[in-house]
Amino acid sequence: MISVASKIKRLVLFIGDIIILYFSLWLTLFLRFQKAVDNETWAKHWLPFSLVFLLWIVIFFINKLYDLETARNNFRFYALMIKNIIWCAMIGFAFFYITTTGITPKTILVLDIIIFGTLIIAWRRFFNTIIVNKKFLEKALIIGLSEESLNLAREINNKPQMGIKVAAIFKSKDNSTPPPDTPLSDNGEKLEFLEGEEKLEKFINDNKIRIIIIANSQEYRPEVISQLYKLLSQKITIWDFSKFAEQFTGKILINTIGQLWFLENIKEANKRIYETQKRVADFVLSLIMLFISIPFLPIIYFTIRATSEGPGFFMQQRTGKNGKKFMAVKFRTMVVEAEKNGPQWAQKNDPRVTRIGRFLRKSRIDEIPQLVNILRGEMSFIGPRPERPEFIEKLKEVIPFYETRLLVKPGLTGWAQINFPYGASEKDAWEKLQYDLYYIKNRSLVLDISIILKTVKTVLTGGGQ
């Protein structure tokens, strides 16, 4: 199973980080006191530093340093590592400054951060190199040539750190889809395209294929099934295309499913306990956050009024669970009469956004009033983006199953929001729906907590719109 292999790799990564954290502390104490670290010295430091380390691990998680997608030895990865080490340093100094732990390890903390930063980068570089080694890559064969299978092959081969490499795509003789002329990976390595059922078994054995992904129903020919049947005794995992794509990409590919998929996978009756727990959490958290934010609301309101003409609040109709309409309330971030020519998508760097509105959007402060919608049960903290009825009616006509996102309450943040940049077109809506379907199928408290933690990064880095 691809998910099991990924979990093992992430576990190894996590354990390695923990070892680095405590070895760095031990080495720091050794260098600081120029002698072997005795039990008394270790006992004095390990507990307060353990609390700091816990915060550092959370920072790593928020910034997706335990997602295998980021495990690449490139500039982007090392820039992210350095940024996280800086964050860790700031949190470490803040922790020892505001708490009374009995120690004030200024020199020790600085030395520990330097040692930890050096070792963690070296460890991550080693890990990133090992997991993309050809010896650790399982070869996969996709049966069925189509646009979807080509896109998946491209995505797999551009992420070797996930441990899989597509060696070839098989097409039946009556499949009219032409193979592409361009490589399906960033490294320029071309893919092999097979044709002819008689070559299938030999190719699988000769190339030591360990994963077979069946991508197209027209490839379920008796000859193909017969060839695959002969391989039952071998250690080969055979995947349905949509299930494999779900686990690998974190989304449900719309073009690969039909109504039967929803009947088999969307089981709302099994989510009753979860939905009750989620509603209780939504109510309690929104009440607490509203209480905390009350002193700041008048300041934000009058700042908006003072910097642009118009009201401080903005209300707009949105569509909620099961198509029920409600009025979403936010702080106004656009100029008055922003839609005098009719409803339109909000764009990135939208010229209709006011100067203070741009800050409110990036910091997500404009969404604080929507805590009232959560309190009233119209929204949740986690869910698909609340969309306008005008856009939903239009998108339902061009995107299959678009109305299924209304099976759950819309949210302030969600799986689609943290995995896909701000969308402002039908194409973007199609892509985000695929992430929404993944969330609707797999939603749980653990997934919700993961989404909330990763949303923190968006807020801190100003990634909102």
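Listed here is the closest heavy atom pair of K9 and G163: NZ-CA, 3.1 Å. In plain terms, the two heavy atoms of I392 and L406 that are nearest each other are CD1-CD2, 4.0 Å. Closest approach of L150 to L145, counting heavy atoms only: CD2-CD1, 3.6 Å. In terms of heavy-atom proximity, G144 sits nearest to S149 at O-OG, 2.9 Å. Residues G414 and I382 approach most closely at CA-CG2, 4.3 Å, considering heavy atoms.
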Given ring-ring contact (aromatic ring centres under 6.0 Å, His included), test F331 with F314 step by step and report yes or no.
CA-CA 6 Å; F331 281 119; F314 175 74; over 10 Å; no
Give the intermediate values and the outcome of side chain to side chain contact (heavy atoms under 4.5 Å, CB included) for residues D436 and W415.
CA-CA 7 Å; D436 286 335; W415 185 245; 5.9 Å; no
Taking it one step at a time, do K396 and E393 satisfy salt bridge (charged side-chain N to carboxylate O under 4.0 Å, His left out)?
CA-CA 5 Å; K396 282 168 61 176; E393 291 305 313; 3.8 Å; yes
Does E378 form a salt bridge (charged side-chain N to carboxylate O under 4.0 Å, His left out) with K321? I'd like the steps, not just the answer.
CA-CA 8 Å; E378 298 163 332; K321 184 177 180 180; over 6 Å; no
If you apply the rule side chain to side chain contact (heavy atoms under 4.5 Å, CB included), what do you find for T319 with K324, and how did you get there?
CA-CA 6 Å; T319 303; K324 185 177 180 181; over 6 Å; no
Please test K251 against E431 for salt bridge (charged side-chain N to carboxylate O under 4.0 Å, His left out), starting from the C-alpha separation and ending with a verdict.
CA-CA 9 Å; K251 58 187 177 184; E431 189 69 17; 2.4 Å; yes
Before giving the answer on side chain to side chain contact (heavy atoms under 4.5 Å, CB included), spell out for R443 and Y274 the whole-Å C-alpha distance, their side-chain angles and the decisive distance to 0.1 Å.
CA-CA 9 Å; R443 66 192 191 276; Y274 158 77; 3.6 Å; yes
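Inspection of the Y439 and N419 side chains reveals no N or O donor paired with an N or O acceptor under 3.5 Å. Looking only at atom types and distance, the side chain of D17 has a donor-acceptor partner in the side chain of W123 under 3.5 Å away. Residues R125 and N128 have side chains that never bring a donor and an acceptor to within less than 3.5 angstrom of each other. For T256 and S242, the side-chain atoms include no donor-acceptor pair closer than 3.5 Å. With no hydrogens or angles considered, no side-chain donor-acceptor pair links N255 and E147 at under 3.5 Å. Using a 3.5 Å distance cut-off with no hydrogens or angles, the side chains of D112 and S24 do not pair a donor with an acceptor. A side-chain N or O of R318 and one of Q316 form a donor-acceptor pair less than 3.5 Å apart. Donor-acceptor pairing under 3.5 Å is recorded for the side chains of N205 and Q234. A side-chain donor from one of S50 and Y22 sits under 3.5 Å from a side-chain acceptor of the other.
Between F244 and W239, the distance from one ring center to the other falls under 6.0 angstrom. A ring-centre distance under 6.0 Å is found for W26 and F30. Between F23 and F116, the ring centre distance reaches or exceeds 6.0 Å. Aromatic ring centroids of Y402 and W430 lie 6.0 Å or more apart.
Under the 4.5 Å side-chain criterion, counting only non-hydrogen atoms from C-beta, K432 is in contact with Q417. For the pair F60 and I120, the minimum side-chain heavy-atom distance is below 4.5 Å. Side-chain contact between I212 and I143: present, with at least one pair of heavy atoms (C-beta onward) separated by less than 4.5 Å. Annotation: side chain of D282 is in contact with side chain of R279 (closest heavy-atom distance under 4.5 Å).
Using a 4.0 Å cut-off between a side-chain N of Lys or Arg and a carboxylate O of Asp or Glu, K159 and E155 qualify as a salt bridge.
Tested against I113 for a side chain to side chain contact (heavy atoms under 4.5 Å, CB included), the candidates L109, V110, L111, I115 yield a single pass: L109.
Cation-pi check for K454 over F61 is met; the charged atom lies under 6.0 angstrom from the ring centroid and within 45 degrees of its normal. In this structure, R124 is positioned above the aromatic face of Y66, its NZ or CZ under 6.0 Å from the six-membered ring centre and within 45° of the axis.
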